[in-house]
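Accompanying notes for the structure given below.
Counting begins at 1 with the first residue of the sequence. On a predicted model such as this, the values are computed, not experimentally measured, just so you know.
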Amino acid sequence: MRAVFAVIGLLALSGCASETPIEQPSMYVSMADPAAKLDAQAAASMISLYRQNNGVGAVVVDPDLMKLAEQQSQAMASANKMDHDVKAPLAKRLNASGYPATLAVENVSAGYHTLAEAFSGWRDSPPHRANMLKNGVTKLGIAASYAPNTKYKVFWTLILASSDLR
């Protein structure tokens, strides 16, 4: 009888020892890969928590701002240049797309491979930090574009805006 219990116990323990893959948090996924997909919801959660810890409201993903951020990141990647105005200034891009922004700010960066790195870079830069903590913004669009033959490899855009009437 003891042998039966010992075998059952070993079988139960061997089930615990099976290798289950540990999924990497999306904020640590490298965007320096053509197949990588940025997790916009994770970005919104991370930025919202940061904002709430600093006394301002949360933000939600906005599909139109996502498109604008993607266009900006791709334009920077194509030009191999990190620049807010590589395509046009933010206000002009918002107006051209028909986005009804009542308030909007933008962070761009390049060279960071993960969302966590980009967020940390913005948090540690006073003007970028101020944008992330801008009072009154309620929506975001974020993008990372990979360009392997460029200096920076990954180009980031974060647009925070509100379309609410004040």
Sequence neighbours excluded, every pair satisfying ring-ring contact (aromatic ring centres under 6.0 Å, His included) that has a member inside residues 57-109 |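 Residue pairs passing ring-ring contact (aromatic ring centres under 6.0 Å, His included), neighbours aside: none found.
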Nearest atoms (heavy-atom pairs only) where Leu94 meets Ser97 =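 Of all heavy-atom pairs spanning Leu94 and Ser97, the closest is O-OG, 2.9 Å.
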Closest heavy-atom pair and its distance - Thr157, Trp122 =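 Looking at all heavy atoms of both residues, the closest pair is C-CH2, 4.5 Å.
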Starting from the C-alpha separation in whole Å, work towards a yes-or-no answer on side-chain contact (heavy atoms from CB on, under 4.5 Å) for Val154 and Glu117.
-> CA-CA 11 Å; Val154 183; Glu117 290 171 354; over 6 Å; no
Using only atom types and a distance under 3.5 Å, with no angle test, would you say the side chain of [X] pairs donor to acceptor with the backbone of [Y]?
X	Y	answer
Arg51	Gly57	yes
Ser73	Phe155	yes
Asn135	Val56	no
Thr138	Ser162	no
Ser48	Ala44	yes

Are Trp156 and Tyr152 connected in the hydrophobic side-chain network, where two residues link if heavy atoms are under 4.5 Å apart?
->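 Result: no, two separate clusters.
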Distance from [X] atom [atom1] to [Y] atom [atom2], nearest 0.5 Å?
X	Y	atom1	atom2	value
Met27	Ser45	CE	OG	11.0 Å
Lys153	Ser30	NZ	OG	12.0 Å
Asn54	Leu133	CG	CG	4.5 Å

For Leu115 and Asp39, run side-chain contact (heavy atoms from CB on, under 4.5 Å): C-alpha distance rounded to whole Å, both residues' side-chain angles, the deciding distance at 0.1 Å, then the answer.
-> CA-CA 9 Å; Leu115 173 59; Asp39 186 342; 5.8 Å; no
With side-chain contact (heavy atoms from CB on, under 4.5 Å) as the test, would you mind laying out the steps for Met132 and Leu158 before giving the verdict?
-> CA-CA 9 Å; Met132 286 200 304; Leu158 170 66; 4.0 Å; yes
Quick one: list whatever passes salt bridge (charged side-chain N to carboxylate O under 4.0 Å, His left out) with Glu106, sequence neighbours left out.
->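 Listed in chain order: Arg93.
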Would Ser145 and Met76 count as a side-chain contact (heavy atoms from CB on, under 4.5 Å) if you check the C-alpha gap in whole Å, the side-chain angles of each, and the deciding distance to 0.1 Å?
-> CA-CA 8 Å; Ser145 292; Met76 290 189 300; over 6 Å; no
Listed partners of Tyr50 passing ring pair (Phe, Tyr, Trp, His ring centres under 6.0 Å), at least two apart |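 Here the qualifying residues are Phe119.
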